[in-house]
Structures are given as C-alpha cells and as structure tokens.
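Here is the structure we will look at.
Chain letters run A, B, ... following the sequence lines, proteins first and then strands; every chain starts at 1.
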Protein chains: 4
Amino acid sequence: MQSDTKPRWERRKDARPQELLAAALDLFVDRGYAATRLEDVARRAGVSKGTLYLYFENKEELFKAVVRENIVEVIGKAESDVAAAAGASCNELLRAMLNKWWCEVGSTRASGLAKLIMAEAGNFPEIAAFYNDEVIERGNGLIASIVRRGVDNGEFAPVDADVMTRVLTAPVLMLMLWSHSFFPCDTGSIDPEAFMAAFLGLVERGIRAPAAAVTD
Amino acid sequence: MQSDTKPRWERRKDARPQELLAAALDLFVDRGYAATRLEDVARRAGVSKGTLYLYFENKEELFKAVVRENIVEVIGKAESDVAAAAGASCNELLRAMLNKWWCEVGSTRASGLAKLIMAEAGNFPEIAAFYNDEVIERGNGLIASIVRRGVDNGEFAPVDADVMTRVLTAPVLMLMLWSHSFFPCDTGSIDPEAFMAAFLGLVERGIRAPAAAVTD
Amino acid sequence: MQSDTKPRWERRKDARPQELLAAALDLFVDRGYAATRLEDVARRAGVSKGTLYLYFENKEELFKAVVRENIVEVIGKAESDVAAAAGASCNELLRAMLNKWWCEVGSTRASGLAKLIMAEAGNFPEIAAFYNDEVIERGNGLIASIVRRGVDNGEFAPVDADVMTRVLTAPVLMLMLWSHSFFPCDTGSIDPEAFMAAFLGLVERGIRAPAAAVTD
Amino acid sequence: MQSDTKPRWERRKDARPQELLAAALDLFVDRGYAATRLEDVARRAGVSKGTLYLYFENKEELFKAVVRENIVEVIGKAESDVAAAAGASCNELLRAMLNKWWCEVGSTRASGLAKLIMAEAGNFPEIAAFYNDEVIERGNGLIASIVRRGVDNGEFAPVDADVMTRVLTAPVLMLMLWSHSFFPCDTGSIDPEAFMAAFLGLVERGIRAPAAAVTD
DNA sequence: TATGAATGAGTCTTCATTCAT
DNA sequence: TATGAATGAAGACTCATTCAT
C-alpha cells in the first residue's frame with residue numbers, strides 16, 4: 001500500500017520491527033531471556049546489532065514488545081468472547097476457553113514465553129511486574145469470572161473461584177511448559193490432544209455440582 | 001584465652017558439604033542455575049570461593065549433589081512406600097502419594113529445583129539428562145504404576161496411564177512452580193492446602209470408574 | 001574542529017588484526033604461551049580485551065595466526081626457492097638455506113616462537129600438533145631433500161638424510177633459542193654471525209664426501 | 001644405619017627430601033615449572049602439600065634443589081675429570097666430554113630441566129640467575145677450556161673458543177630438548193646414538209687444524 | 001613432623017550497550 | 001536509518017601458600 005515509487009533498497013521499512021519481534025520470539029523461547037543474545041536476534045532478523053537498538057530501547061523493551069504482540073493481544077480477544085457469551089453453559093464455556101487457550105497460545109511458539117517467565121521472572125523484577133499485570137491478572141480474571149458465574153447459577157459445586165482457577169489453569173500451563181522442555185520423556189511422550197481431552201474430561205465430571213445429578 | 005583476632009578460617013571438614021549444599025539450594029532456587037554465582041554460594045556458607053571447589057568439582061556437580069540430597073532421596077523412599085502398599089485402594093494410594101509429594105518436596109525449598117530445571121534444562125543438556133534419569137523417569141514411573149493398577153482392578157476409568165500421570169502430576173508441578181514465583185498474585189493468592197484439597201477432590205471424583213457411582 | 005575529548009575508541013578495522021598480531025608476537029615471545037595474558041596483548045595493541053575477541057576466537061587461534069603470519073609463510077617461500085634451485089651445488093644450497101633460515105626467521109622476533117613451542121608444546125597438545133604439521137614437518141622435509149640429493153649425487157658423504165637434517169638444524173635452532181634467553185652469558189656473549197660462520201664452516205668441511213679431495 | 005630402635009612409623013625420615021626431589025624432577029620435566037602444581041609433587045611423593053613446605057621453603061627453592069641434585073653435581077665431577085686429563089688429545093677429550101655429557105645428563109630425565117630453563121627462565125629471573133651461575137657458566141667454561149687448549153697446541157684450527165663452545169654444545173642441547181618434546185616426529189624419529197655419532201664425526205673432521213690433514 | 005582445609009588473587013571468555021561513520 | 005567496531009564489567013575455575021590441629 002505504500003507508494004510504489006520508493007527505491008528498491010528501502011523496501012520493507014515497516015516490516016523491520018515485525019521481523020525483529022519474530023526473531024526475538026524464537027530465540028527467547030529457545031534459550032530463555034538471559035541466555036538470548038541480542039546479536040543473535042539481530043542476525044536472525046538479517047540486521048545488525050545496532051539496528052535493533054533503533055527500534056527497541058533495550059533488551060527489556062524488546063521482550064515486552066514480544067509479549068504484547070503474542071499474548072496480550074489474544075487475551076484481549078478472549079475477554080470480548082467471554083463477554084459475548086453471557087448466557088452460555090458455564091461448564092461448556094469454561095472448557096471452550098481452556099481449549100481455546102491451548103489452541104491459540106499454548107500450542108504455538110508463544111507458549112515458550114510462559115516457560116521463560118516462570119523461570120526467570122525472579123531475576124528480572126520489572127519484567128515480572130509487566131507480565132503479571134498484562135497477562136496473569138487478566139487471564140486469571142477471565143477464568144475466575146466463568147467459575148464464579150457457574151457457582152452462582154448452580155452449575156458448579158460451590159468452590160472458591162480463585163483457587164479453582166489455579167487448579168484449572170495449572171494443567172494447561174504445565175502442558176505449555178512441557179511442550180518447551182528438552183526432556184526426551186516430555187518432548188516425546190506427551191500427546192497434547194490426548195492430554196487436553198483427559199484433562200477436560202476430568203474437569204467436566206469433577207467440577208459440576210453433585211446436586212446437579214439430582215436436579216437433572 | 002580467646003584470641004581477639006578471628007582466625008582466617010575455621011576447620012569444619014565434616015560440616016562443610018552440608019553447609020555448602022544448603023547455601024547452594026537456596027541460591028539455585030532463588031536465582032536459577034546460570035544466574036547463581038559460585039562466589040555467592042561460598043559466601044553464604046561462610047567460606048571462600050576456593051573452598052567450594054574442595055568439595056565439588058564444578059558448578060554442575062554441585063547442582064547434581066543438591067538434587068540428589070533433596071529430591072532423589074525422597075523418590076527412593078516413595079518407591080518403597082508404594083511397593084509396601086500393594087493391597088491398598090488405588091484411589092486413596094494415588095491421592096496419598098500426590099499429597100505426600102507436595103508435603104515432602106513441593107512445599108519445601110527443594111521444589112524450586114523443579115522450576116529451575118523446567119526453565120534452564122534446555123541450556124544445560126547434561127543437567128537435563130541427569131534430572132530426567134534420576135527424577136522424572138522414576139517419579140512418573142511411580143505414579144503411572146498406581147494408575148495402571150487402578151485401571152486393571154476396575155477402580156479407575158480405563159484411561160491411558162501415561163497420559164493420566166501427566167495430568168495428575170501437572171497441578172502439583174505447577175503449584176511447585178507457583179510457590180517459587182515472584183508474582184505478587186502468585187505468591188500471595190494461592191493457598192497450597194486449598195489448592196491441593198481442590199485438586200485431590202477433582203481427582204477423586206474425576207478418575208474413578210463411572211460404574212463406581214452406581215455402586216454408591 | 002578537533003574535539004577536545006578523545007573518543008572512547010577509534011575505528012580501525014583493517015589495521016587491527018595486524019596490530020594485534022604484532023602485539024601478540026611480542027608478548028608470546030617474551031613471556032611464553034601460558035604466561036601471556038590476553039588483556040596485555042590487547043592493551044599493547046591499544047584496544048580493550050573484548051576487541052581482541054572480535055578478531056580471534058580465542059587464545060589458541062590467536063597464537064596459530066601469529067605462527068602462520070611469521071613462520072609458515074616463510075617456509076612456503078623457501079620451498080619454492082629450493083624447487084627453483086634444482087641444479088645448484090648441494091653443499092652451497094644447503095648452507096644458503098640454513099643461513100637464510102637464520103636471517104629471515106632466526107634473527108627476527110619470530111624465532112621466539114620456536115622457544116615457546118619447545119617449552120610448552122607438552123602442555124598444549126593442540127598447539128603442538130598444529131606446529132608440528134605446519135612448521136616442523138615441512139621445514140625438516142626441505143632440508144632433508146637437499147641432503148638426500150647431495151648424497152645421491154656424490155657431493156656429500158653417505159649419511160642418513162633424516163639424522164643429518166637433525167644435526168644440521170640443531171645449531172640454528174639452539175641459536176634461535178639462545179637469542180631469546182635471558183641469561184647474561186647468552187644474551188651477551190653470542191655473536192650470531194660468528195656462530196653461523198663457524199657452524200657453516202663446520203658443515204662445509206664436515207659433510208662433503210671424503211672422495212671429493214681425490215676428485216679435486 | 002640409623003638406630004634400629006626407632007619405631008616403625010618414623011621410618012624413612014631422612015628419605016623424605018629425596019622422594020620429594022624425585023617426584024619434583026619428574027613433574028618439572030613433564031610439565032614445566034609454572035605448570036607443575038606442588039600438590040601433585042606432594043601426592044607423587046606420597047605426602048601432603050603441607051609436608052613439602054617443611055622441607056622446601058617454596059616452589060623456587062624446591063626447583064633449585066632439584067637442579068643441584070641432578071645437574072650441578074655432575075658438572076663438579078666433570079671438572080675433576082678434565083683437570084685429570086691434562087695431557088690427553090684434545091680432539092678425543094673434547095668428544096669424550098660431549099659424549100659423557102649426553103650419557104650422564106642428556107639421556108636422563110634431568111635433561112628435561114634444560115628444556116624447562118630454556119623455556120621459562122624469562123618468566124622467573126631468580127631461577128635464571130641461579131641456573132646461569134651454577135650450570136651454564138661452569139659447563140661452558142669446561143668445554144671452552146678444552147677448545148682453547150686444542151687451539152693453543154695446534155690440534156684445532158684457530159677458532160674462537162667461546163663461539164666454538166656454543167657451536168659444539170648446541171647439538172647436544174638440542175638433542176636434550178628434542179628428547180623431551182611431544183612432537184611425533186621428534187619423539188619417534190631421532191635415534192640419539194646415531195645423532196651423537198653423526199655429530200661427533202662432524203666435529204672430529206670439522207674442528208681439527210687443516211694442517212693436520214697434511215700430517216696424516 | 002605431618003596434615004589438608006582454607007584462602008584469594010589471577011585469567012580467559014561473554015555480551016549488553018554505545019557511538020563514529 | 002543502518003552499521004558493526006569497541007567497550008568493560010562479570011563469572012567460573014586454578015593454585016601457591018598459610019596455618020590450626
């Protein structure tokens with residue numbers, strides 16, 4: 001859409017940040033935050049180290065940009081979805097959200113960022129705070145709101161919504177972590193679909209109100 | 001009689017390794033593997049850098065020793081326990097083991113090692129291999145053996161033991177990870193006992209054979 | 001126009017490797033391999049430690065580059081020279097080569113590398129192998145080829161070429177070693193030209209075939 | 001010869017320094033001065049690091065003691081021998097001394113000390129001075145005195161005795177160095193006896209006065 | 001005498017960041 | 001905008017020497 005008259009050597013001017021973000025995502029996911037060298041990010045994006053600093057103030061800002069691009073955005077969409085499904089069955093909605101979370105984030109490269117955060121947040125407080133505010137609080141809030149609604153309307157057993165949110169998100173988080181592990185037994189032996197199916201089955205049967213059977 | 005001048009060092013041969021392992025556990029857990037400086041480990045144990053090398057060949061061997069001391073040993077005991085409980089109810093045994101795992105490892109400082117491994121194994125293949133062989137394979141094997149027995153004797157629904165093992169261990173693992181996170185919401189908001197209770201309840205109701213409901 | 005503040009560094013890409021190699025040669029020769037600190041090499045070349053690593057992967061590669069620059073190249077030229085002098089008197093060619101060796105390598109700073117190798121090869125096997133292949137084998141082969149020709153054409157007494165090569169190269173090597181010794185008697189008392197003259201005279205009279213006298 | 005009444009555990013009290021010197025010789029020769037660790041010396045002698053310091057003030061004194069024990073002593077005997085052979089043929093005496101030197105020092109482990117000195121004297125000035133005074137000056141003086149006598153009595157061509165001493169000692173020195181090299185071509189391909197025979201033949205024919213040929 | 005635990009200065013190597021061009 | 005040469009602080013590991021026992 002840009003003017004066609006621009007000389008050839010200036011092409012892709014606007015694409016630079018995207019290429020850098022893509023390269024950074026790959027390397028952060030593979031190596032972690034501290035172990036990722038900016039020079040490698042630059043090289044993978046086909047630019048020089050100095051260029052990277054033209055687009056991102058420093059390593060930390062680069063990382064934040066990667067998180068925004070790959071995770072924060074998805075959460076925003078999910079929030080809209082939940083708001084739109086106000087009348088749906090909570091048991092189904094809950095499982096749909098968990099499954100969607102796995103499909104749209106967990107099963108992508110972006111899930112490596114969760115591993116990274118888990119691992120290194122303690123050494124980089126600023127990053128921890130950012131991730132907590134932008135991802136964890138919002139993501140958990142979303143799940144908790146569904147649980148709360150399910151408890152309120154009698155679909156679910158009367159559980160503590162915040163605690164149950166943790167229990168429900170834990171397996172998906174672990175699956176995300178495992179999918180970025182280098183353990184032979186992990187990498188090789190877990191079938192994510194089977195795992196999610198087993199987990200969602202457990203949830204379906206495990207969360208609903210006992211009384212529900214009577215009610216039926 | 002007491003000299004006013006503190007001796008340059010104190011001779012504590014037998015106590016040293018334990019003190020060093022304790023200091024190393026603390027720092028590995030707090031900072032991760034790569035970010036832990038051996039000089040800090042030494043200082044925390046009250047000795048000099050060089051002294052550490054009298055007891056442990058290098059950083060990697062120090063780490064392995066920490067894992068052996070804090071995790072491998074517990075697994076060994078658990079294996080005996082399971083073998084001794086051959087006739088028990090699998091549903092109960094399973095929950096007992098998961099709970100015990102949390103109590104004896106998960107809720108201690110040692111659980112930080114799981115976080116560390118999750119996070120950094122990819123950058124340190126030798127450590128990954130060691131941990132996989134000594135901890136993951138053995139630990140998973142233990143849980144899977146119980147699940148398999150429960151499926152065989154009809155206590156459990158006919159699930160895939162290896163997949164279910166992953167599903168069952170995931171929440172405990174995540175709780176371990178969370179308990180070593182620095183996120184305000186994590187550190188503050190999770191009550192491990194409530195989490196474990198919620199999780200074990202989910203398991204009890206979720207894993208048993210459907211027929212069991214009829215039996216009640 | 002000249003800024004009063006000296007720039008933190010100066011950009012000298014093309015000159016750098018040469019400056020670093022020169023500094024490295026000096027220090028390796030003066031202090032040996034193990035005792036040469038890369039920081040000193042850098043400082044002598046007027047750069048920082050890190051800069052050195054932009055041009056040479058590590059200490060070993062730096063050393064190899066120094067050897068290539070200062071010795072291997074000369075051997076290559078000598079090989080051409082010998083090939084070109086196919087018809088010359090072997091007695092004269094032999095002495096010319098030995099003398100040339102002294103003049104072009106032995107009497108320069110580069111000869112200190114021979115001392116270094118002699119001294120430290122045992123502790124650095126990789127360096128030993130490199131030097132053996134690139135310098136010793138080729139250099140000895142060159143001298144031996146002349147001796148062999150001289151024996152074959154009757155100029156020389158029927159000696160074993162490989163043994164005689166050792167005998168012939170030994171004094172030049174020793175002179176090289178001596179010229180880098182710090183012994184008062186060595187540094188001061190040896191006149192290399194007198195030494196070489198005495199040695200070459202010894203060779204001229206000592207190597208030729210006894211029958212030669214008859215021939216005259 | 002010591003009292004037989006001494007308790008068993010105190011045996012070999014006087015042998016300790018000898019054992020330490022033997023161990024030190026081995027390691028200095030194999031690894032050089034700087035690279036020899038005193039802990040290894042102690043271990044090889046079967047004692048602890050601390051014990052070594054009971055007998056030798058520090059690394060440097062240990063090294064000096066090794067040199068005294070293994071080289072200085074031999075030179076003393078050689079000086080007596082030369083003094084006793086006042087009337088012998090200088091050509092023969094010279095070759096006898098050179099050969100003896102090889103046999104009694106050069107072909108033993110002690111020759112490795114020459115390599116070590118050659119290599120590292122520059123980094124340890126005190127050691128250099130010691131070796132120069134105790135070994136080099138005295139050894140060279142011995143050879144030079146024979147050369148001088150041979151020139152004076154017409155047996156030898158009128159050479160400069162000091163220069164010729166260097167030329168004559170150089171091959172033996174190099175043979176000593178080579179015999180402690182790790183180069184395949186060195187270790188494997190040099191036959192010391194053949195080398196010495198070739199060298200001594202060269203000397204015999206090369207050093208005598210030209211007139212001598214006429215005389216024959 | 002003998003031990004060996006303890007020390008700490010010293011050296012190679014890495015990498016985020018800066019800045020002259 | 002883009003480059004990449006240059007910087008320098010930081011960390012693992014070694015080893016001569018000391019000294020309480």
| query | Base, sugar-phosphate alone, or nothing: which one does C:L54 contact when heavy atoms must sit under 4.0 Å apart? | reply | base
| request: Any strand is fair game: report the nucleotide pairing with E:dA20 by Watson-Crick or G-U wobble, both distances under 3.5 Å, or none. | output: F:dT3
Nearest of [options] to any side-chain atom of [X]?
X	options	result
B:R37	E:dT17, F:dT17, F:dA12	F:dA12
A:L38	E:dT13, F:dT7, E:dA16	E:dA16
A:K59	E:dT17, E:dT1, F:dT3	E:dT17

Atom [atom1] of [X] and atom [atom2] of [N]: how far apart are they, to the nearest Å?
X	N	atom1	atom2	value
D:E57	F:dC19	CD	P	14 Å
C:E61	E:dC12	CD	C1'	15 Å
C:D40	E:dG10	CG	C1'	12 Å
D:E126	F:dA16	CD	P	17 Å
A:N123	F:dG11	CG	C1'	15 Å
A:R43	F:dA5	CZ	P	12 Å
C:F63	E:dT13	CZ	P	15 Å
D:R31	F:dT14	CZ	C1'	13 Å

| said: Assess whether a salt bridge exists between B:K115 and B:D30, defined as any Lys/Arg side-chain N lying under 4.0 Å from an Asp/Glu carboxylate O. | reply: no
Would you say [X] reaches [N]'s phosphate, i.e. side-chain N/O to OP1/OP2 under 4.0 Å?
X	N	result
B:Y55	E:dA6	yes
D:Y53	E:dT3	no
B:T51	E:dA6	no
C:R16	F:dA6	yes

| query | Relative to the 5' end of DNA chain E, which residue comes earlier, D:G46 or A:Y33, by the nucleotide with the nearest heavy atom? | reply | D:G46
| request: Please say whether more than 12 non-hydrogen atoms of neighbouring residues, nucleotides or ligands are located less than 6.0 Å from CD in A:E57. | output: no
| query | For atom CD of C:E126, is the number of surrounding heavy atoms from other residues, nucleotides or ligands below 6.0 Å larger than 12? | reply | no
| said: Under the criterion side-chain contact (heavy atoms from CB on, under 4.5 Å), I'd like the reasoning laid out for D:T36 against D:F63: C-alpha separation, chi angles, the key distance, then a yes or no. | reply: CA-CA 11 Å; D:T36 290; D:F63 180 75; over 6 Å; no
| query | Is D:E120 reaching over with its side chain to a backbone N or O of D:A34, donor-acceptor style, under 3.5 angstrom? | reply | yes
| message | Please compare D:E39 and A:K49 by the position of their nearest nucleotide in DNA chain F and report the one closer to 5'. | response | A:K49
